[in-house]
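Okay, so here's the structure we're looking at.
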Amino acid sequence: MKLKQFALKGLVTLSVVVALCMFFSGTVKTITTPKIKVVTTKEGKLEQTAQLNAKLVFDESEPFRIEEAMEATVLVERVFVRPGYEVMKGDVIFSAAITDFDEKMDEIRTKYQEKMVALEDLERKNPERVTKTTRTTQFKTLVAAQDALHEADLALKVAMRRHGIDLDLVIPEGANELQELTAQAQGQSAPIEVMQAIENRYYARVQAEDAQKVFDETSRKQKYAVSEETWTYIMERDNLLEEMEALDEQRIMMELLRQNLAEVRAPRDGYITAVSVKVGENYDGKAAAFEMSAEGVAPVLRADVSEAPLVIDAGAKVTIESGYYEIETLVSATGFDENGKKYADIEVTDELIRAKGSVYNLTLADMAAEVSMRADRVTTLIPASAVRSEGENADFVYVIEQKRGSFTGDSMYVVKTPVTVLGRSDKLVSVAEEMYGARLADKEDRAISDGAAVMEYVN
């Protein structure tokens with residue numbers, strides 16, 4: 001009986017010892033086995049993002065030079081625009097004054113007065129030819145009529161230039177000049193100044209043509225023949241008149257230049273891309289005074305993407321933060337600058353301009369933008385932290401496998417599996433291998449290797 005009791009006590013003790021061994025072996029295993037987080041792969045199109053700094057640029061600009069400024073000393077008084085300003089045709093760009101205007105006009109007037117005195121002196125020396133020669137009288141009438149026509153023609157041209165009206169002054173034979181030019185001017189909504197100048201020129205031409213007919217008629221009548229001395233007088237007088245007309249033209253051009261420079265205006269709609277003139281400095285007309293964006297070319301935000309972590313192509317989505325909301329736009333084009341660096345041009349939308357206040361405000365500082373690219377095809381996507389690397393083109397993952405055990409139960413171990421990385425984002429990696437649904441080891445609490453037993457973290 002005692003032997004039986006002893007055997008029973010021994011069996012109990014053995015059971016306790018075995019239980020304790022099993023407990024402590026599990027504890028040791030739990031302590032020594034690496035803990036991992038189990039992640040599962042999925043399929044999809046990888047979306048990659050990159051942070052860019054972009055600045056406003058105008059891809060094409062057109063320079064504008066005020067050539068007339070070469071004819072005088074021009075001082076810039078005010079500048080009304082800056083690069084980035086949007087202007088409409090006729091808006092004032094800058095104002096300037098001809099500092100030697102009065103001096104030049106006095107010089108022209110003095111020369112004109114000298115010619116006038118010479119003409120009067122010539123006529124005093126030829127009183128008989130001036131007053132008694134019928135043909136010279138007719139010639140004098142013709143010259144006066146031609147002078148009047150010339151002045152009317154100059155007045156029309158000045159008015160046309162001032163208001164930007166383009167008239168074809170060569171009238172078809174047989175056509176009525178007044179009707180032709182009036183129709184052209186009305187088609188361009190010409191102001192009253194131009195319409196009046198057309199009318200004045202027409203009636204001056206009628207008088208000149210009538211005077212020409214009378215003069216031509218006298219040449220066919222021998223009784224009106226004149227001497228060689230008379231013709232010499234006529235030629236001298238004609239030369240003086242031509243020189244006086246040239247001086248009048250100089251006066252007209254100086255006055256037109258003064259008016260044009262008083263307010264230099266935008267020749268068309270567009271954006272100012274550069275301003276070379278400065279207040280208080282002279283402008284000589286040899287270089288462009290200002291530049292405007294090429295006609296039909298909109299500004300863009302240009303970003304250097306030569307070192308971007310992804311390939312950026314036209315059509316990529318771009319997000320720009322503005323206050324408390326985001327503005328969506330697109331990459332409109334890509335290219336290479338003069339240094340061979342790749343850039344991406346971001347479309348400047350009306351929403352972006354409204355958000356920033358104006359295109360000019362976009363020029364004041366670089367702008368942060370996030371560009372995102374979505375892959376063209378579906379691939380296996382793996383959490384970025386689960387992809388390891390042993391060097392360039394030596395990426396791998398640890399695939400979790402299950403091991404069956406009858407006494408200790410099932411256990412997990414990892415298998416080192418190479419992968420081919422196609423692209424990366426902050427959170428995901430795209431690989432070429434088909435691994436949809438695979439369970440991978442991630443964020444282990446200690447180093448693991450191929451074939452190592454692992455355990456999942458338990459919350």
Side-chain angles (χ1 to χ4, degrees), residues 66-68 71 88-92 98 101 104-105 108-109 111-113 115-116 119 123 135-219 234 237-268:
I66 316 302
E67 297 182 6
E68 299 96 321
E71 305 300 323
M88 307 298 288
K89 180 179 180 180
D91 286 351
V92 179
I98 302 174
F101 178 79
K104 285 185 175 294
M105 289 296 277
I108 295 171
R109 290 191 188 97
K111 291 181 179 179
Y112 187 90
Q113 192 65 31
K115 302 300 178 184
M116 178 71 75
L119 179 61
E123 293 189 345
R135 195 171 185 215
T136 55
T137 301
Q138 301 301 331
F139 182 76
K140 185 175 182 180
T141 302
L142 173 60
V143 169
Q146 289 176 335
D147 286 347
L149 174 59
H150 181 254
E151 292 298 323
D153 186 64
L154 288 178
L156 174 58
K157 290 176 180 177
V158 168
M160 287 167 56
R161 295 181 202 176
R162 182 180 302 163
H163 297 286
I165 303 299
D166 184 18
L167 302 178
D168 185 359
L169 300 181
V170 179
I171 308 302
E173 187 175 354
N176 183 284
E177 176 181 312
L178 182 60
Q179 294 176 354
E180 285 284 332
L181 295 183
T182 299
Q184 290 184 43
Q186 289 174 341
Q188 300 177 53
S189 302
I192 187 64
E193 180 184 350
V194 175
M195 304 300 291
Q196 187 62 55
I198 290 173
E199 185 174 340
N200 292 343
R201 181 179 185 264
Y202 170 72
Y203 288 114
R205 184 177 298 282
V206 170
Q207 292 180 0
E209 290 175 349
D210 289 343
Q212 185 71 55
K213 290 177 183 178
V214 173
F215 181 75
D216 291 344
E217 182 65 23
T218 61
S219 64
I234 293 173
R237 182 179 183 277
D238 218 13
N239 288 337
L240 287 170
L241 289 172
E242 287 181 3
E243 291 172 354
M244 292 166 69
E245 288 172 2
L247 292 169
D248 279 343
E249 174 68 8
Q250 291 181 34
R251 288 182 61 186
I252 291 171
M253 294 305 297
M254 281 295 296
E255 179 60 31
L256 190 60
L257 175 60
R258 186 185 67 81
Q259 293 181 17
N260 289 342
L261 290 174
E263 291 183 336
V264 177
R265 298 179 178 272
R268 55 173 174 78

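Residue numbers run from 1 in the order of the sequence given. What you are looking at is a predicted structure, and each value in this text was computed from that prediction instead of being measured.
Distance check: Met116 CE to Gln113 CD gives 6.5 Å after rounding to the nearest 0.5 Å. Atom-to-atom distance recorded for Asn239:CG and Lys115:NZ is 9.5 Å, nearest 0.5 angstrom. Here the CZ-CG distance, from Arg265 to Asp91, works out to 8.0 Å after rounding to the nearest 0.5 Å. One distance of note links CG of Leu142 with NZ of Lys213; it measures 13.0 Å at 0.5 Å rounding. Interatomic distance, Met253 CE to Glu255 CD, rounded to the nearest 0.5 Å: 11.5 Å. Note that CD of Glu242 and CG of Asp248 are 13.0 Å apart. Values are rounded to the nearest 0.5 Å.
Residues Glu243 and Lys111 form no side-chain contact, since every pair of their non-hydrogen atoms from C-beta on lies 4.5 Å or further apart. Side chains of Thr141 and Val214 form no contact here, defined as non-hydrogen atoms less than 4.5 Å apart. Counting heavy atoms from C-beta outward, Met244 and Leu119 have side chains that approach closer than 4.5 Å. At least one side-chain heavy atom of Met195 sits under 4.5 Å from a side-chain heavy atom of Gln186.
In plain terms, the two heavy atoms of Ala204 and Ala152 that are nearest each other are CB-CB, 4.0 Å. Here the closest heavy-atom approach between residue Ala145 and residue Ala208 is recorded as CB-CA, 3.6 Å. Nearest heavy atom pair, residue Ile108 against residue Leu247, reads CG2-O, 3.4 Å.
A side-chain contact (heavy atoms from CB on, under 4.5 Å) with Tyr202 is found for exactly one of Thr182, Leu181, Asn176, namely Asn176. Checked against Lys104 for a side-chain contact (heavy atoms from CB on, under 4.5 Å), the options Arg109, Met254, Glu71 give a single hit: Met254.
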With a 3.5 Å cut-off and sequence neighbours excluded, list the donor-acceptor pairs that the side chains of residues 163-170 form with protein atoms.
residue, atom, partner, partner atom, Å
His163, NE2, Glu193, OE1, 2.8
Asp168, OD1, Val170, N, 3.2

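A donor-acceptor contact closer than 3.5 angstrom links the side chains of Gln196 and Asn200. Gln184 and Glu180 are not linked by any side-chain donor-acceptor pair at a separation below 3.5 angstrom, with hydrogens and angles left out of the test.
Scanning for salt bridge (charged side-chain N to carboxylate O under 4.0 Å, His left out) contacts around Glu249 gives an empty result, with sequence neighbours left out.
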- Task: Given side-chain contact (heavy atoms from CB on, under 4.5 Å), test Gln212 with Gln146 step by step and report yes or no.
- Result: CA-CA 9 Å; Gln212 185 71 55; Gln146 289 176 335; 3.5 Å; yes
- side-chain contact (heavy atoms from CB on, under 4.5 Å) assessment of Glu177 paired with Arg201: CA-CA 9 Å; Glu177 176 181 312; Arg201 181 179 185 264; 3.0 Å; yes
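The local environment of CZ in Arg251 is sparse, with at most 12 non-hydrogen atoms from other residues, nucleotides or ligands closer than 6.0 Å.
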